[in-house]
Amino acid sequence: MARPKKDDGKGNELNIPNFKEIEEKWQKRWEEDKVFQVKEDSKKNKYYVLEMYPYPSSSGLHMGHAFNYVIGDIISRFKRMQGFNVLHPMGYDSFGLPAENAAIKNNSHPKVFTEDAIANYIRQQRALGLSYDWTRKIQSHDPLYYKWNQHLFLQLYRKGLVYRKEAVVNWCSKCKTVLANEQVQGGKCWRHTETEVEIKNLEQWFIKTTVYAEELLRDLEKLNWPERIKTMQRNWIGRSEGAKIIFKIQEKPWNVFTTRPDTLFGVSFLVISAQHTKLFELVTKDRMKEVEDFVRKIKTIKQEDIDKLDKEGVFTGAYADHPLTGEKIPVWAGNFVLAEYGSGMIMAVPAHDQRDFEFAKKYNIPIKLVIKQSGRDIQDEVMIEAYIGSGELVNSKGYNGLNNEEAKEKIVNALNEKRLGEKSVQYKLRDWLISRQRYWGTPIPIVYCENCKNEIKRKSYELSFYDQDIFFQIATGKKIVETRALNPHEKTKEFYGNIKKGDYIKCINKLTNEIIYLKVLNVRRFNSLQDLFKEKELLERIFPGKYFDSISKLEKSYSHTEDYLDRIKKYGLVAWDVQLIFPGIMPVPEKDLPVLLPEKVKFGEGNPLASCKEFVETRCPKCKGKARRETDTMDTFFDSSWYYLRFTDALNTKEPFNKKKAEYWMPVDFYTGGAEHACMHLIYARFFSKFMRDIGYVKYDEPFPRLFNQGMVHGEDGAVMSKSRGNVIDPLEISKKYGTDALRLFLVSMTSPDKDFAWSSAGIESSFNFVMKLVKYSENVKLGKSSKKLEHKANTAIREVTNNIESLKYNFAIIHLRSLLDSLEDEIAEKDLKSIIKLVAPFCPHIAEELWSNLGNKDFITLERWPEVDESKIDTKIDEQEKAFKKTVDDIFNVLKIVKEKKGKESIKVYLYVLPNENEGYNSEMLSKRIGKEVIVFAVNDKKKYDPEGKAGKAKPGKPGIYAE
RNA sequence: GCGGGGAUGCCGGAGCGGUCAAACGGGGCGGACUCAAGAUCCGCUAGCUUAGUGCUUACCUAGGUUCGAAUCCUAGUCCCCGCACCA
């Protein structure tokens, strides 16, 4: 489809502006004059607009990108004209697998590949006239950037928020790396929707995002985000309240989490996940073979079939003690229990949980009803499905008759007294697995040293824990202060007396045999509980969430230790700040950063870093002995978790960003991007913000108070625009044909930007016409005085367009602009013409600059002040008059049609009889032009009027009489 | 299964208690201009009716609330999206 030729209607070629030339001219001038470069300015209000930075793919910018960037650009330009100090930067998420894979395929290097792609992106983005401050450009594969990834990794490490652990992880055989939980979608890899994710047991790096689960959930409330995204995050975090209950199995305690402690007396078996790492610790010898067979069978089942899967299991041979009745409860291994959720083991209450019910039926395990459905008699109850509703407790010892909600509370209390359970909250959110076994990413700044490993192990004080909870808190970073001295054992007296800063402690959880190592950062001693109590902050850290407001409460809380006061007297009170460490895992010192990604590596087999000798072989930062470098790289979502902060100070070589600068610009006032990041980038970035706040890097809680999700761009066939469907429209092609301004305009004129829309080749023409109309008008209009009507129209448009841009209803802004263009007159005041061009400027910046300069202006319209509404010029009477006029035009056409039908011939003249006070609304010239026939206007009281049929008598207010002949 | 969002005229899509036969754009049809085509401008685009009027059907289906519903409520159908054996 070629761009139509145009003329002025008289056969003369119309001057179609050379859009390309105009665009390039202004893009160049903006850049030369540093129009979009900004600095912190305390006198100006800042406004930070950000579009999610793209992964620079080799296929270049697509329509969805263009849409996204134009949405952000319009608001940037608008806010800039409103006088805000607008930060609008762009960067590239340039690490990542596709580049590495493409490089392998093309026998190239990811760096070359990526940098070509970036150059291409930049060229295309410039062509779209996007108002970026290019001096702040960042690319995550740049050592100047990823150095700070490593720095932040070490900060996380120091805070105890990074750990290395063997766990059940997701492995994509196509990506040849592990994936974060968030990157597994429906059992498949997020990049390879056809590739099954395998479950493996591997040692990997994790970040404790779960520490902030509660806050991440809670703070969603204060965000101005699409409800859909908030809901997705809420579901992802997945908070459930319930209880943690300890079942003793073969004398060892095992945890289960349940939301239904009220059904505790109905437990008839326990089920441990068949994938549980500790499963075989409880399998008895005679059951070993069956369990092994079962586990093997489970492994061969595809993730895909899991929802269709029958609940299956096998008895482990072990029995647990019921915590309240002491009954023996069989422990099964099952395929329907998730290893990674809760403790990986559940208590099964078949009468009141459908899954347990099915399982019990299948294996003939007794079903014990403990909650009575009101109105039913339990005697003759034949269960065909589990009863999951509420009701009155039965068969539950001393709790019979209680409502099940009350019972929850009471039963948990009873467990608590026996120290066999407590209230607990579980989240679906898992810790973030960040290590990747691939080359094209930020190297994890860690060195493994065997020497130091042995050294630390040897020098450590050994300390046993019997309290599951304290151990758990330390291990998950919730607590980094210990006050075991509140309850010291005689045996460890010496330890408490001698411990000092820099010592290592080996903590053994006697209940689970887990071992963790701690390094003592600080030791504080108190002579009495009273002294300790003065340290409010410390108390809060030791007993998080408990808010002791008196010593007596604190004492009471510890009263289960009969002689603790004596002990305090005897040994004193010691509190230590500790850090979780991993012996032999040595963080690279700050001064040695960045750990550079070596350029010369061999691609093809496994992780190229692992086979790069020069990289792997290194020296231990502590003992200087031979050591081995970590070869895993970071998930690229690490890069994007804080890039918005880097934009505030992109060139800083001393620190990730200057705190003052970040404080000025952050948070991001307007963030746009696709919804696909709801549970990945947007959770990680929020997590990072909270972490950085806690280490004093930033002062805000939430990085993106206002998030906007643009809709999806579909092809003309209505399907999502994609290469495979062959319905892709290249934005740059469109821009060449119709000009960038028409493209920009069209992208946001179809519908509200948060909705999906289908590309329309006819629609783009209408945007092109809009631009042409404006150009033609401003070329031909006579500058002078605006009519009252035009002033009214212009000011109405200012008001509406301002409001509509503010509320992201760009499509409405454009409707108002169209209507304004439609009512333009041959003469206009320069001021009004200027306002009109300004209103168009955010949408069509190039042509606006051109028209602006054609008016003799030397400065950029981009930096002009947004027009102010002059309310006094807005006169609703004018709208009414216009309506009446329009109605009259309608009526005339209607009359003409009827007359033609009746008389069989076309009328040539129209006579209008107007009430005397309405005279000014009806101008014969205007009407003639509109109707296309001569229209003669009379006042009804005109004695000399021509009115053969007395139609003047039909005239009513707002409705003149009509005669046609 | 759980959660979120939808269903509007030929099409895309506004509207979210009256001013709605329903913005705006597209398409189609007709007209003006022109030797002519495109472009531009004007009108029409549910049906019947009428010298500019009035009526009847209409906003997924069925009920309901209301003086009054495309808009609110109830039930249902269909579509899209997210999560999914989360104990």
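Side-chain atoms are counted along with the backbone in the values below, which use heavy atoms only and exclude waters and symmetry mates. Reminder, nothing fancy here: chain letters follow the sequence lines and each chain counts from 1.
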Please enumerate all protein N or O atoms sitting under 3.5 Å from an N or O of nucleotides 9-16 of chain B, with distances to 0.1 Å.
| from | atom 1 | to | atom 2 | distance (Å) |
| --- | --- | --- | --- | --- |
| G13(B) | O3' | Thr751(A) | OG1 | 3.0 |
| A14(B) | OP1 | Thr751(A) | OG1 | 3.3 |
| A14(B) | OP1 | Lys755(A) | NZ | 2.8 |

Using the 3.5 Å cut-off, write out each protein N or O paired with an N or O of nucleotides 52-56 of chain B and the distance between them.
| from | atom 1 | to | atom 2 | distance (Å) |
| --- | --- | --- | --- | --- |
| G52(B) | O2' | Asp891(A) | OD1 | 2.0 |
| G52(B) | O2' | Asp891(A) | OD2 | 3.4 |
| G52(B) | N1 | Pro960(A) | O | 2.8 |
| G52(B) | N2 | Pro960(A) | O | 2.4 |
| G52(B) | N3 | Asp891(A) | OD2 | 3.4 |
| U53(B) | OP1 | Lys959(A) | NZ | 2.6 |
| U53(B) | OP2 | Lys887(A) | NZ | 3.3 |

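Within 4.0 Å (heavy atoms only), Glu949(A) reaches at least one base atom of the nucleic acid. Residue Ala964(A) is classed as a base contact, given a heavy-atom separation below 4.0 Å to a base. Lys773(A) comes within 4.0 angstrom of the backbone, heavy atoms only, and of no base. Nucleic acid contact for Arg430(A): base, since at least one base atom lies under 4.0 Å from a heavy atom of the residue.
The two atoms that bring Thr210(A) and Leu429(A) nearest to each other are CG2-O, 3.2 Å, heavy atoms only.
Listed nucleotides A84(B), A87(B), C81(B) differ in distance to Thr258(A); the shortest reach to its side chain belongs to A87(B). Counting only heavy atoms from C-beta on, Ser240(A) has its side chain closest to A87(B) among C85(B), A51(B), A87(B).
Note: Trp225(A) and Phe708(A) fail the aromatic proximity criterion, with ring centroids not under 6.0 Å apart. No close placement of the Phe19(A) and Tyr738(A) rings is indicated, their centers lying 6.0 Å or farther apart. Taking the six-membered ring for Trp and the full ring otherwise, Phe938(A) and Tyr946(A) have centroids separated by 6.0 Å or more. A ring-centre distance under 6.0 Å is found for Trp432(A) and Tyr684(A). The distance between the ring centers of Phe357(A) and His352(A) does not fall below 6.0 angstrom.
Evaluation of the side chain to side chain contact (heavy atoms under 4.5 Å, CB included) rule for Thr277(A) yields Asn201(A) as partners, not counting sequence neighbours. In terms of the side chain to side chain contact (heavy atoms under 4.5 Å, CB included) criterion, residue partners of Ala360(A) (sequence neighbours excluded) are, by chain and number, Phe269(A), Pro350(A), Ile365(A), Ile367(A). With sequence neighbours excluded, the residues that form a side chain to side chain contact (heavy atoms under 4.5 Å, CB included) with Ser752(A) are Asp754(A), Lys755(A), Asn811(A).
Look at the C1' atom in both G31(B) and C81(B): the space between them is 47 Å, to the nearest Å. On the C1' atoms, U74(B) is 32 Å away from C55(B), given to the nearest whole Å. With P as the reference atom, G17(B) and C29(B) are 38 Å apart, rounded to whole Å. Distance noted for atom P between A7(B) and U61(B): 13 Å (whole Å). With both ends at atom P, the span from A46(B) to A23(B) equals 10 Å, rounded to whole Å.
If you measure from atom CG of Leu264(A) to atom P of A87(B), you get 17 Å, rounded to the nearest angstrom.
Each of Thr231(A) and Tyr341(A) lies near RNA chain B, and the nucleotide nearest Thr231(A) is the one positioned closer to the 5' end.
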* Pairing of RNA chain B as dot-bracket, 5' to 3': ( ) intra-strand, [ ] crossing, | other strand, . unpaired, with Watson-Crick or G-U pairs under 3.5 Å? -> ((((((((.[[[..)..(.....]]]((((((.......))))))(((.....)))...[[[[[..)....]]]]])))))))....
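The aromatic rings of His677(A) and His681(A) lie perpendicular to each other, with more than 60° between the two planes, well past the 30° mark.
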